[in-house]
Amino acid sequence: QRDNLWASELGKAPVDLWLKMRGTEPTNPPNARSMRKFEAGNVFEWIVSLILKRAGILQESQKWSSYQYPGLLEVTGKADFIAGGKPDIQKFEQEMANLELPEVFKRNGEKIIRYFAQEFPEGLTEMPLEIKSVSSFMFEALEKNKSASKMHRLQTFHYLKSTDKPIATIVYICRDDLRMM
């Protein structure tokens with residue numbers, strides 16, 4: 001049992017939240033396939049952390065935060081990353097050369113870092129960064145709507161509210177074909 005909400009639960013069905021907070025065991029827990037999807041998300045987060053670290057813009061990982069409006073439940077959570085600063089392209093290239101990663105990760109990582117350097121010549125504002133891996137069906141729906149999902153926006157809002165950061169970013173990675181948005 002618990003008396004707080006996780007940021008990742010914001011926007012979910014109230015009955016599900018009530019049962020979770022009461023400590024009720026789920027009658028339909030995630031199956032092995034669902035658990036592998038969660039693990040795929042962890043792999044994508046790890047790859048992003050490699051890129052951010054090697055570029056010198058990873059400030060923190062899994063930063064715990066809490067916020068509570070008066071009279072309401074406390075919301076807690078862990079932002080995937082806090083990123084910010086000026087990317088070091090040379091450091092990135094040198095360190096990535098030493099890792100035995102598939103070329104696609106090195107090539108795309110470099111594109112991302114060069115994009116940051118070009119678009120933010122003074123460096124990125126320090127911000128929470130949420131990485132979400134989704135199916136191609138979900139990716140296409142998000143792309144069509146040109147908006148992050150409501151639940152992901154609520155989760156990211158918590159990280160903004162609890163850290164006093166002015167901006168955050170949600171990155172979607174398609175598990176089926178590695179598209180990013």
Side-chain angles (χ1 to χ4, degrees), residues 5-14 16-17 30-55 57-63 65 75 77-85 87 89 92 96 101-163 165-181:
L5 291 173
W6 286 103
S8 59
E9 295 173 330
L10 295 172
K12 291 192 175 178
D16 292 339
L17 296 175
N31 62 23
R33 182 171 183 257
S34 294
M35 294 307 292
R36 286 192 302 274
K37 289 179 185 181
F38 294 135
E39 288 303 316
N42 292 338
V43 170
F44 287 117
E45 271 186 40
W46 173 73
I47 292 166
V48 170
S49 75
L50 285 178
I51 292 168
L52 297 174
K53 281 179 198 171
R54 268 71 192 165
I57 57 175
L58 178 63
Q59 305 299 319
E60 286 187 71
S61 293
Q62 297 297 310
K63 179 175 175 60
S65 63
V75 178
K78 296 177 183 177
D80 291 336
F81 305 109
I82 303 294
I89 295 173
F92 174 82
M96 289 300 278
L101 288 175
E103 277 302 311
V104 66
F105 294 121
K106 293 177 184 179
R107 188 175 55 248
N108 289 329
E110 186 173 338
K111 284 181 185 176
I112 292 166
I113 298 309
R114 288 191 183 281
Y115 170 82
F116 285 159
Q118 181 180 344
E119 293 296 313
F120 307 98
E122 301 303 314
L124 272 90
T125 301
E126 193 171 289
M127 70 177 81
L129 181 62
E130 271 303 296
I131 309 303
K132 301 294 184 188
S133 67
V134 297
S135 69
S136 55
F137 178 80
M138 180 71 170
F139 192 94
E140 287 161 13
L142 293 165
E143 194 173 44
K144 181 181 176 187
N145 293 332
K146 296 182 179 2
S147 178
S149 85
K150 180 181 177 183
M151 288 186 350
H152 296 156
R153 285 181 282 144
L154 286 169
Q155 179 182 2
T156 305
F157 173 76
H158 165 73
Y159 301 136
L160 291 174
K161 189 71 177 172
S162 62
T163 61
K165 302 286 184 205
I167 190 170
T169 298
I170 302 169
V171 176
Y172 287 104
I173 301 173
C174 180
R175 285 189 300 265
D176 301 324
D177 57 19
L178 301 180
R179 287 177 288 172
M180 288 181 68
M181 175 173 44

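All values below were derived from every heavy atom in this structure, side-chain atoms included, with hydrogens, water molecules and symmetry-related copies excluded.
- Each ring-ring contact (aromatic ring centres under 6.0 Å, His included) pair with one or both residues in residues 114-143, not counting sequence neighbours, would appear here, but there are none.
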Worked check of side-chain contact (heavy atoms from CB on, under 4.5 Å) between M138 and C174 | CA-CA 8 Å; M138 180 71 170; C174 180; over 6 Å; no
I would like to know whether E39 and R36 meet salt bridge (charged side-chain N to carboxylate O under 4.0 Å, His left out); could you show each step before the answer?
-> CA-CA 5 Å; E39 288 303 316; R36 286 192 302 274; over 6 Å; no
Kindly indicate, with the supporting measurements, whether the criterion side-chain contact (heavy atoms from CB on, under 4.5 Å) is fulfilled by I173 and V134.
-> CA-CA 6 Å; I173 301 173; V134 297; over 6 Å; no
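- Distance CD1/I51 to CG/N108: 7.5 Å, rounded to 0.5 Å.
- The line from CG of L52 to CD1 of I57 is 5.0 Å long, rounded to the nearest 0.5 Å.
- The shortest distance between side-chain heavy atoms of L129 and D80 does not fall below 4.5 Å.
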Apply side-chain contact (heavy atoms from CB on, under 4.5 Å) to E45 and Q62, showing your working.
-> CA-CA 11 Å; E45 271 186 40; Q62 297 297 310; 3.5 Å; yes
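- Checked against side-chain hydrogen bond (donor to acceptor under 3.5 Å, both in side chains), S136 has the following partners two or more places apart in sequence or in another chain: D176.
- Taking K106 as the reference, nothing meets the side-chain hydrogen bond (donor to acceptor under 3.5 Å, both in side chains) condition, with sequence neighbours excluded.
- Taking every heavy atom of both residues into account, Q59 and A83 meet most closely at CG-C, 4.1 Å.
- A distance of 8.0 Å separates CG in L178 from CD1 in I47, rounded to the nearest 0.5 Å.
- The side-chain heavy atoms of E130 and Y159, taken from C-beta on, include a pair separated by under 4.5 Å.
- Using modelled atom types, no side-chain atom of E60 and backbone atom of I82 make a donor-acceptor pair closer than 3.5 Å.
- Side-chain atoms of K150 and R153, non-hydrogen and from C-beta on, do get closer than 4.5 Å to each other.
- A 4.5 Å side-chain heavy-atom check between L50 and L101 finds at least one atom pair inside the cut-off.
- By the side-chain hydrogen bond (donor to acceptor under 3.5 Å, both in side chains) test, E126 is found to be paired with K165, residues two or more places apart in sequence or in another chain being considered.
- Applying the side chain to side chain donor-acceptor pair (under 3.5 Å) definition to pairs two or more places apart or across chains, those involving residues 138-147 are E140-R179.
- Atom OG1 of residue T156 and atom CE of residue M151 lie 11.5 Å apart, to the nearest 0.5 angstrom.
- For R114, the side-chain hydrogen bond (donor to acceptor under 3.5 Å, both in side chains) partners are E93, E110, not counting sequence neighbours.
- The local environment of CD in E119 is crowded, with over 12 non-hydrogen atoms from other residues, nucleotides or ligands closer than 6.0 Å.
- The shortest non-hydrogen separation linking M35 to P30 is SD-CB, 3.6 Å.
- The OG atom of S133 lies 11.5 Å from the CE atom of M180; values are rounded to the nearest 0.5 Å.
- Side-chain contact between P87 and F92 is absent, with no heavy-atom pair separated by less than 4.5 Å.
- The two residues P166 and L160 have their closest heavy-atom pair at C-CD2, 4.2 Å.
- Across all non-hydrogen atoms, the minimal contact from P128 to T163 is CG-OG1, 4.3 Å.
- When every heavy atom of S149 is checked against every heavy atom of L142, the shortest pair comes out as N-CD2, 3.5 Å.
- Contact of the V171 side chain with the M181 side chain is not registered, since no non-hydrogen atoms from C-beta on lie closer than 4.5 Å.
- Between S8 atom OG and K78 atom NZ the span is 11.0 Å, to the nearest 0.5 Å.
- The closest side-chain donor-acceptor pair between K132 and Q155 falls under 3.5 angstrom.
- Closest non-hydrogen pair, S49 versus L58, comes out as O-CD2, 4.4 Å.
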